[in-house]
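See structure below.
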Protein chains: 4
Amino acid sequence: MAPRTNEQFEQIRAESKTKILVAALELFAIDGYHNTSISKIAKHAGISKGLMYNYFASKEQLLKEVVILSLEDAKKMSEQLLQNLEEISPTEALRLSLELFFQMLIENKTLWKLTFSLAMQISNMPSVTAVISKMFEDILQQFEMVLQLNGYSDYNIEAKLLAAHLDGIALHFLIFEKTYPLEEVKNKLIANYCK
Amino acid sequence: MAPRTNEQFEQIRAESKTKILVAALELFAIDGYHNTSISKIAKHAGISKGLMYNYFASKEQLLKEVVILSLEDAKKMSEQLLQNLEEISPTEALRLSLELFFQMLIENKTLWKLTFSLAMQISNMPSVTAVISKMFEDILQQFEMVLQLNGYSDYNIEAKLLAAHLDGIALHFLIFEKTYPLEEVKNKLIANYCK
Amino acid sequence: MAPRTNEQFEQIRAESKTKILVAALELFAIDGYHNTSISKIAKHAGISKGLMYNYFASKEQLLKEVVILSLEDAKKMSEQLLQNLEEISPTEALRLSLELFFQMLIENKTLWKLTFSLAMQISNMPSVTAVISKMFEDILQQFEMVLQLNGYSDYNIEAKLLAAHLDGIALHFLIFEKTYPLEEVKNKLIANYCK
Amino acid sequence: MAPRTNEQFEQIRAESKTKILVAALELFAIDGYHNTSISKIAKHAGISKGLMYNYFASKEQLLKEVVILSLEDAKKMSEQLLQNLEEISPTEALRLSLELFFQMLIENKTLWKLTFSLAMQISNMPSVTAVISKMFEDILQQFEMVLQLNGYSDYNIEAKLLAAHLDGIALHFLIFEKTYPLEEVKNKLIANYCK
DNA sequence: AATGAATGAGCCTTCATTCAT
DNA sequence: TATGAATGAAGGCTCATTCAT
């Protein structure tokens with residue numbers, strides 16, 4: 001066989017890396033960062049323990065990249081909304097924003113669980129914290145804009161309140177899972193905000 | 001010489017136990033449960049590693065008692081409110097409840113940090129989870145009552161919304177600490193709820 | 001009250017010591033030496049951990065004295081037999097010796113268990129081993145004498161065989177306990193030796 | 001470089017595992033299970049402490065495998081006898097059985113020591129006990145058969161007596177080692193049984 | 001004589017990380 | 001690129017022993 005080209009190597013690398021990241025995300029979110037060993041991740045990803053260190057300098061670095069990757073995904077989703085924002089009424093935009101949040105919450109429970117568990121736990125992992133903070137600011141800005149469009153005078157502080165509200169709901173939902181009446185809470189919240 | 005009296009032993013025990021509980025609470029809250037080793041706790045408390053096991057059967061049991069102790073403190077505070085609840089107007093009661101929450105949040109940052117960090121991390125520690133869940137239910141009931149008195153028809157689901165709102169605010173406050181405009185958020189929240 | 005006399009102190013000491021020895025024997029025999037902690041022994045004896053060190057320099061020393069005490073008891077029993085040995089026929093003496101052995105085995109299962117478990121385990125505890133060896137020699141001499149009286153020419157080596165036979169039976173009985181047909185084995189053995 | 005082939009890994013594993021098993025057998029037999037720490041075993045085997053857990057799930061599992069391995073060796077030896085059993089006279093078969101026992105005792109002192117020391121100490125380790133019991137039953141059956149062929153009417157109970165006799169001799173030999181007249185005892189025993 | 005709180009060495013075990021191949 | 005055997009520090013926990021009272 002002809003030797004692999006650089007592109008082929010590059011692709012193999014990318015595939016392996018992705019496999020590892022996906023496996024790590026799943027395990028971190030379900031079992032928590034500390035309860036997930038490199039061994040488990042390697043097995044789950046179908047690769048060897050040693051290979052992991054070929055792509056990530058340490059377990060902490062892997063965590064950081066998991067978070068980055070996940071948040072990028074989330075951002076992509078939310079940007080879809082923004083594209084159409086100008087074509088619809090402000091109220092509708094707000095409603096859509098909220099609907100989007102709940103949709104993402106349900107569809108990415110794993111990621112949310114991970115994010116929350118990290119948020120409270122990694123004062124000693126600044127690089128990871130920074131990534132999470134950055135994303136939070138982005139979301140806040142979006143909310144400010146949408147609330148401003150909806151005529152909220154205190155949109156600055158109201159955005160913070162809304163963000164807190166949503167994160168609080170997410171937190172409770174993730175803790176109580178099946179017993180939490182997410183649908184009712186969501187409807188009530190939207191009703192309250194979009195009147 | 002004669003051995004110590006029972007009272008003397010009791011006092012020594014109480015002091016040591018408290019020392020350990022306090023040290024554990026601080027470290028658990030700052031570094032998280034998994035990042036806090038028994039060694040660290042012992043050093044922080046100024047005792048030997050082995051002594052911990054004289055008072056707590058395991059690290060998990062220590063955590064449980066830390067949580068219980070902290071929640072008892074919190075409960076005492078909140079009960080102060082309930083005493084006067086019937087003498088004041090419903091609106092005032094709601095305002096007081098919210099004020100109380102923020103006061104407790106500020107005064108017991110450590111406990112809140114611990115609670116949140118635990119909430120996402122200890123699905124496999126039923127005994128601890130149970131204690132936290134119990135407290136959450138208690139708070140929820142209080143909110144339901146106060147909201148009902150304030151004429152909220154959907155007081156059931158509104159209580160859940162309020163609880164989420166408060167926990168969300170607490171979460172953000174604990175993450176961003178000094179940069180979080182807690183006072184403004186608090187005033188706005190109270191204004192929104194007590195109109 | 002008048003101060004205690006020396007005799008009273010002496011008696012208290014003796015009682016405490018005995019309590020500890022008895023407790024230790026029971027626990028050592030049931031759970032094994034290594035699985036029995038000083039704490040357990042103290043609790044079982046109804047005294048404090050510290051007091052034990054008032055009477056025994058170490059756990060190993062305690063073990064040694066337990067063994068000595070137990071073997072002395074055993075010796076007393078066997079000496080009862082010897083007293084009457086001259087009044088009965090040699091065959092009867094042999095039968096009685098064997099009967100005595102089985103009786104002691106059944107009545108002192110605890111001690112036997114302990115002895116066996118020690119015998120194989122304490123090459124690194126010479127002081128204890130010495131005591132056990134000494135007793136074994138004593139027993140062997142008795143057997144030699146009785147076998148000689150019964151006309152065994154090779155009484156020297158036959159005594160060793162007999163001792164081994166009895167210890168083997170004891171070993172199996174202690175391992176299999178209820179399922180071991182001790183009575184049948186005993187009758188057959190006696191029948192074989194006393195014909 | 002290319003990773004090792006499966007065969008290479010297999011061989012490395014086999015070698016390490018054997019090193020550990022051999023080291024463990026020796027130390028368990030000499031010092032007893034409880035007095036032998038994983039650290040000691042690792043040092044004795046010339047490997048790191050952690051590596052043991054790459055091959056054995058726990059110290060108890062290691063013990064179990066040590067016992068199994070040893071008993072397999074023993075079984076192989078005894079099966080050599082059975083092959084020729086039908087070609088020789090019953091008396092000769094019995095004599096051979098006994099000779100074999102003594103040969104195995106001398107050649108596998110370590111294993112015997114281990115077996116005895118375990119027999120009295122591991123009532124709380126069912127998995128290990130089961131293996132040992134199984135082997136004992138096998139041996140008993142063999143004895144029953146051979147004794148029956150030799151015309152013993154009570155071969156059932158006589159087999160138990162014989163097994164006890166042999167184990168008793170082994171026990172004494174292992175305790176007193178060099179000072180025990182094993183050869184004389186063996187000859188006398190065979191003489192007694194094969195007349 | 002008696003107590004039990006306190007110590008600290010040592011135990012079994014886990015796991016991130018390295019390295020020879 | 002890829003493997004997994006090997007390491008060693010660290011973790012939770014036990015327990016014989018000491019010591020102030």
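Predicted model, so just to flag it, every value in this text is computed and none were measured. Here is how names work: the chains are called A, B, and so on, in the same order as the sequence lines, proteins then strands, and each is numbered from 1.
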Contact under 4.0 Å: B:Ser37 side-chain N or O vs F:dA10 OP1/OP2: no
Side-chain N or O of D:Ser16 closer than 4.0 Å to phosphate OP1/OP2 of F:dA6: yes
Interatomic distance, B:His34 NE2 vs E:dA16 P [rounded to whole Å]: 12 Å
Sugar-phosphate only, base, or nothing, as touched by D:Thr5 at under 4.0 Å among non-hydrogen atoms: nothing
Sugar-phosphate only, base, or nothing, as touched by D:Leu51 at under 4.0 Å among non-hydrogen atoms: base
Closest to the D:Arg4 side chain, choosing from F:dG12, F:dG8, E:dT21: E:dT21
Whole-Å distance separating the CD atom of B:Gln11 from the C1' atom of F:dT21: 14 Å
Given DNA chain E, 5'-ward residue of the pair C:Lys49 and D:Glu60, judged by closest heavy atom: C:Lys49
C:Arg13 side-chain N/O to E:dA1 phosphate OP1/OP2 under 4.0 Å: yes
Difference in axis direction between the ends of the helix from E:dA2-F:dT21 to E:dT21-F:dA2, five pairs, 10°: 20°
Under 4.0 angstrom between B:Tyr55 side-chain N/O and E:dA6 OP1 or OP2: yes
Between P of F:dT21 and CD of B:Glu7, the distance in whole Å: 17 Å
Side-chain N or O of D:Tyr53 closer than 4.0 Å to phosphate OP1/OP2 of E:dT13: yes
d(CD1, C:Ile38; P, F:dC19) in whole Å: 17 Å
Short side-chain N/O contact from A:Lys59 to OP1 or OP2 of E:dA16, under 4.0 Å: yes
Side-chain touch B:Tyr33/B:Met125, heavy atoms, less than 4.5 angstrom: yes
Sugar-phosphate, base or nothing in reach of D:Ile12, heavy atoms under 4.0 Å: sugar-phosphate
Interatomic distance, B:Gln8 CD vs E:dA5 C1' [rounded to whole Å]: 12 Å
For atom CD of B:Glu10 and atom C1' of F:dT21, their distance in whole Å: 17 Å
Donor-acceptor contact below 3.5 Å, side chain B:Lys40 vs main chain B:Asn35: yes
OP1 or OP2 of F:dT1 under 4.0 Å from side-chain N/O of A:Asn54: yes
Among E:dC12, F:dT3, F:dT7, the nucleotide that comes nearest once only the side chain of D:Ile47 is considered: F:dT7
Separation of F:dA5 P from D:Ile20 CD1 (nearest whole Å): 12 Å
CA sep, side-chain torsions, deciding dist, call: C:Gln11, C:Glu7, side chain to side chain donor-acceptor pair (under 3.5 Å): CA-CA 6 Å; C:Gln11 195 193 337; C:Glu7 289 80 29; over 6 Å; no
Geometric class of the D:His34/C:His34 ring pair [parallel <30°, tilted 30-60°, perpendicular >60°]: parallel
